[in-house]
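Data first, discussion second: the structure below is written as structure tokens.
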Amino acid sequence: MNARFALAGCALLAFGASVAAASPEEDRTAFVRTFQQRFPGIALDDYVHGGFMFSRASRSHYDDIMAFPPFLGDIERGKVLWDTPFRNGRTYAECLPDGGRNLAGTYPRFSAAENRVITFEMLLNRCRRDNGEAEYRYDDRATMGVLTAYARSLSDGMRMDIKVDGAAALAKYEEGRRLFFRRIGQMNFACSNCHLDNAGKVMRMETISPAVGQAVHFPVFRGGDELYTLHMRYTRCMMQVRAQPFPAGSEAFNNLEYFHSYLSNGLPLQASVYRR
Amino acid sequence: MADTIKMRITLEGDTAFVKVLMPHPMETGLRTDPKTNELVPKHFIQHVVATHNGRPVLDAQWSQAVSKNPFLEFRVRGAKPGDKIGVAWEDNRGENNALEVAIK
Amino acid sequence: MDFDVASRPLRRRLLATCAVALAALWLPLRAIAADRNTSAFDAKAMSDALRSIGAADAIESDQVVIKAPDIAENSAIVHIEVESKLPGTQSIWVFAEKNPQPLVAQFDLLPGIDPFVAVRIKMAESAFVRAVVKADGKFWFAQKETKVTLGGCAG
């Protein structure tokens, strides 16, 4: 056990020392190796269940709730938004390849033309904009929240496949990576302090989830009915460490999501799930 | 609240496994509305009846401590394709809702 | 369009559709409504609630099977299942012992239903969840301790 933690510690040191040097794939494999050494016997695919992956009892209760989850009405409202044509008669499905199926797991993507990261939610908003509709706010549960919850369900189970190609894309990835490791707020916490260094430990009666597997299962419905998109969750994390949060849909979060999603490459996308 | 009751039925042999979700706020009367700072009045489903081909098989009384958007599962014996499973509820304000589904 | 991701494991077994909302269904059902045992639902102490349903002398039985989580992931949604293996099971009650009013639900079973119910409940604090069963006029119970936590994070 001690040896295992020592190994993990070495891996952490390696992270710290390699802020600029590591390639995304080296990052991902180092994260995965660290966690798998710390949590032997847990299949990588189970990381999509976050804190539930550590406890058979918690996972069983999760499965009981997911068998008929209380948030089905929200997903249905998202489907209504998705199916309702814009005023010009076109639909979201017409904006997206294959009607939006098996797509969300390839976002965020880097757009070389714009030199910025494009998230799946931005893609939905661009479809609105291109069809003459006002864009949705990224933190509005009733619109973008339920819309993306439904739209992502069309990619449910697809393997995450985030690409970071070229120096310009890598620069955005690195920006997200720096935010992940940067200590912020009055509590002086970085994302990595909890979700890398202390994943699997219990804090305030919560088992901390590992960074690998997080970005694949949003939106979540906390308590079964309170929708949180990934960016809304980032905002909440920042509030919890008493930092001034970036807004949902901000470039800082887009870049963070780019890095964060890459860590989950190869894992099956989940849309949408219950969290406590 | 515009949501309708949702029901899923799986038939295994002659037993119908019925899962139901009933969209409802299930206010306990103990929660403070963050906007008004006042207690939200108690508002909950207090009576639920399940039927098989119109015949009641389950009669339930609930308190406000059943979770929001209540979930109920029960198992009806002697069921076959084409049979109808019904669920109806009434809350403490006298509002009600019902759904009947044919087993496929 | 099959969007119902949450039901994925059940999708293939999903047999029921043709749903028709029948608000009128309620009306004929009202006639058979059992009287609500308000004194049991209003009782603030477990012992009073048990007395109100006539179960003050209920006996613990392994023929009553209660499934509740060791730790409730969220106190507002605690999934409970109760199954009675006792012949002649008439009613099932679910109590959360430390709730302001412990009695959460009463299920009267009528001919044609298995002695099984699952329901999700709110719990005020860590407590025993107790299932009381009335079978052939006698009262039996089973209980399971469920810890609830006040969490701050979830990812």
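Lettering of chains follows the sequences in order, A, B, ..., and the numbering in each one begins at 1.
A cation-pi arrangement is absent between C:R130 and C:F95 under the rule of less than 6.0 angstrom and at most 45 degrees off the ring axis.
With B:V20 as the partner, the side-chain contact (heavy atoms from CB on, under 4.5 Å) test is satisfied by one option alone out of B:F74, B:F71, B:W89: B:F74.
Interface remark: C:V94 contributes no atoms to any contact with chain B (heavy atom separation under 4.5 Å). Contacts of C:F116 with chain B are made by both backbone and side-chain atoms, with heavy-atom separations under 4.5 Å. C:L109 touches chain B through backbone and side chain together, each having a heavy atom under 4.5 Å away. Looking at B:I5, there are no atoms closer than 4.5 Å to chain C (heavy atoms on both sides), in backbone or side chain. Contacts of B:L21 with chain C are made by side-chain atoms alone, with heavy-atom separations under 4.5 Å and no backbone atom involved.
Residues C:K122 and C:N99 share a closest heavy-atom pair of O-ND2, 3.0 Å. Contact detail for B:K68 and B:P25: the closest heavy-atom pair is CG-O, 3.6 Å.
Your options are B:Q46, B:H52, B:R77, B:K6, and the one with the most heavy-atom pairs under 4.5 Å with chain C is B:R77. Options B:A79, B:S63, B:A16 differ in how many heavy-atom pairs under 4.5 Å they form with chain C, and the most are formed by B:S63. Between chain C and the residues B:I85, B:T28, B:L72, B:V76, the largest count of heavy-atom pairs under 4.5 Å involves B:L72. Here C:A105 is the residue among C:A105, C:P100, C:A124 with the most heavy-atom pairs under 4.5 Å with chain B.
The distance between the ring centers of C:W93 and C:F139 falls below 6.0 angstrom.
How far CD of B:Q64 is from CE of B:M26: 8.0 Å, rounded to the nearest 0.5 Å.
In this structure the side chain of C:T146 reaches within 4.5 angstrom of the side chain of C:M123, judged on heavy atoms.
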